[in-house]
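This report concerns only the one structure given below.
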Amino acid sequence: MSTVRIRFAPSPTGYLHIGGLRTALYCYLFARSQGGNIVLRIEDTDRTRFVEDAEDDIVQALEWCGLEVDESPMLGGPYAPYRQSERQDLYRKHAESLVDSGHAYYAFDTSSSIAELRKNNEAYNASTRLQMDNSLTHSEEVVRMRLESGEEHVIRLRVPENVTVQFNDLIKGSVSVDSANIDDQVLVKSDGMPTYHLANVVDDQHMAITHVIRGDEWIPSTPKHILLYQAFGWQPPAMAHLPLILSPTGGKLSKRSAQRQGIPINVRDYRAKGFEPQAVINFLAFLGWNPGTEDEVFELEELTSVFSLERVGSAPAKFDLDKLGWFNAQHLRRLDIEVLLERVRPFLEKHGMIVEDDYLRDVCFLVHDRLQQAQDLVTHFSYCFVDPVTFDPVGIRKRWKSDAASLVDDYAARLDVLRSFNEETLEFKLRDLAASRKVGAGRIIHPVRLAVSGTTAGPGLFALLRVLGRRTSVRRLRNAVTRLG
RNA sequence: GCCGCGUUCGUCUAGGGGUUAGGACGCCGGCCUUUCACGCCGGUAACACGGGUUCAAAUCCCGUACGCGGUACCA
């Protein structure tokens, strides 16, 4: 058995989106679980949709997630080049060999004559090809002349009549299609570029790909590819078509539908929003696959050791942002505090907050378990860095009673003269004050929290005060006393 | 329209002839607690429908419905 070789073959028509990452992930997991190799191949045969920085984005997105590839345009490898635009001659040569063997033909039809064909609801296939303008309907000599004169043309696959094309998909099982339902597919476009169908078959063969793992949307074209392999006399690789990721409302997870649901669509957006790469990977892995146990939280390397294609389901799955949030919280919590610091820094900077490492470390330690996304630190816990400017009105009504100002002021006075600003002392001083004023501790705790953070929710009060430090704590307490009265 | 693929709690899913149909997210309730989270405990909720096959069907077969995908000189 030869070594497993998998390719991830995106086309650079835009930034890598979440569905593409899922495909890449499954490719990676399968390759690694089999001890095989994975190659990144850029399918840039559509010049009209080419996006300049897309390739770069794809590479960075994979890197961010830790999906390392073995061969790629920048890494090189034994089957270079890995950009299809750089392999044009190969495709042309193979297409022509197909014409020679009678499996393909030149076609000169204008776009308007094809449009007319389709208007009559007819396909370009065995039943119509003889009415069209191609090398099947003209003498060899005429064809040669037209070709030599540089007339625009394409090369089409001559799909055989009345055969059933069948293949065994590793995920879907047996799939078969009657060749009558397959068009004479364009193999080489009039600009000389191959279509996906040709390029992908030629490259998979030449790059010794053993398994094609790609999205469900390719199932209908796979019979065309099988036909191509047969025409070339090649053995097709194994096929595995992954179920699609759907929008929560059911449709295709398009840019528009995703935006409406608040779902980031490009991988770079997940990064920008403070999602953990491991969480995104974990979430994606479980969209259509499960290990058969009840474990759910996995890192990439752990996934690699338990992944198998047999356990990939065949039904499409809806994207669930809440579940992703849960995975993110799980992975965020497992992060080493120093790594968390790195995660959180960009968000502080974005908000113009300059914070020293030691202090940030204290804060992170304090709120670590309460973060779901890294950016929560600045959105939920800004009071760790700047004095509160507003106080939650509901909190005021509920917690800032008539004696609050005097109690808080008293507490501030006691803190102000404290020598060791540790949690035990802070708590002792507060309870002592409560006792001497004959009130419950909560009568002070709550207004103090409100004064210091502007809200009624948050980490343990004494730990919070300790982190804020004496100067800040006292300043905020006194400030609240004057503001709230 | 035609072709293909699919259908278990709201969502992700386990289970594939005999199960109280299991887990996770979400939601609800409780415990913990100075608050809110975390955590823990408990609850809610599903085999699309109709026919077969069988002693027995969520599970196998056939239809129907619904959903999704494809139907390009896009991938």
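The sequence lines fix the lettering, A, B, ..., with proteins before strands; numbering per chain opens at 1.
For V175(A), taking side-chain heavy atoms from C-beta onward, the closest of the listed nucleotides G4(B), U13(B), U34(B) is G4(B).
Between the CG atom of L117(A) and the P atom of C2(B) there is a distance of 19 Å, rounded to whole Å. Distance N168(A) CG to C5(B) P: 12 Å, rounded to the nearest Å. When the P atom of G1(B) is taken as reference, atom CG of N181(A) falls 15 Å away, rounded to whole Å. The nearest whole Å value for the distance from the CG atom in D392(A) to the C1' atom in C36(B) is 12 Å.
Checked against the 6.0 Å centroid criterion, the rings of F283(A) and F319(A) qualify as a close aromatic pair.
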Go along nucleotides 66-75 of chain B 5' to 3' and tag each nucleotide: B for a protein heavy atom under 4.0 Å from its base, S when only backbone or sugar atoms are that close, - otherwise. --SSS-SBBB
Encode nucleotides 19-25 of chain B as B, S and - characters from 5' to 3', where the letter depends on protein heavy atoms closer than 4.0 Å: B to the base, S only to sugar-phosphate, - to neither. ---SSBS
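Annotation for F50(A): atom CZ counts as buried by contact number, over 12 foreign heavy atoms lying within 6.0 Å.
Within the nucleic acid shown, L461(A) comes within 4.0 Å of at least one base atom, counting heavy atoms only. Residue-level contact check: P243(A) touches neither bases nor backbone, having no heavy atom under 4.0 Å from any strand. The residue R47(A) sits apart from the nucleic acid: no heavy atom pair falls under 4.0 Å. As judged by a 4.0 angstrom heavy-atom cut-off over every strand, S314(A) is placed among residues touching the sugar-phosphate backbone only. T293(A) comes within 4.0 angstrom of nothing in the nucleic acid, heavy atoms only. Residue-level contact check: A441(A) touches neither bases nor backbone, having no heavy atom under 4.0 Å from any strand.
Tested against D203(A), the residues R83(A), R7(A), R41(A) include a single salt bridge (Lys or Arg N to Asp or Glu O under 4.0 Å) partner, R41(A). Here the options are F30(A), Y26(A), F298(A), the test is ring-ring contact (aromatic ring centres under 6.0 Å, His included), and the partner is F307(A); only Y26(A) passes.
R146(A) has a carboxylate O that lies under 4.0 Å from a charged side-chain N of D133(A), or vice versa, which qualifies the two as a salt bridge. Remark: R118(A) engages D183(A) in a salt bridge, criterion side-chain N to carboxylate O under 4.0 Å.
Of the two residues near RNA chain B, G173(A) and K318(A), the one whose nearest nucleotide lies more 5' is G173(A).
With both pairing distances under 3.5 Å, G39(B) is matched to C31(B) as a Watson-Crick or G-U wobble pair. In this structure C9(B) sits in no base pair that meets the Watson-Crick or G-U test at under 3.5 Å.
Comparing G39(B) with A24(B), their P atoms are spaced 12 Å from each other, to the whole Å.
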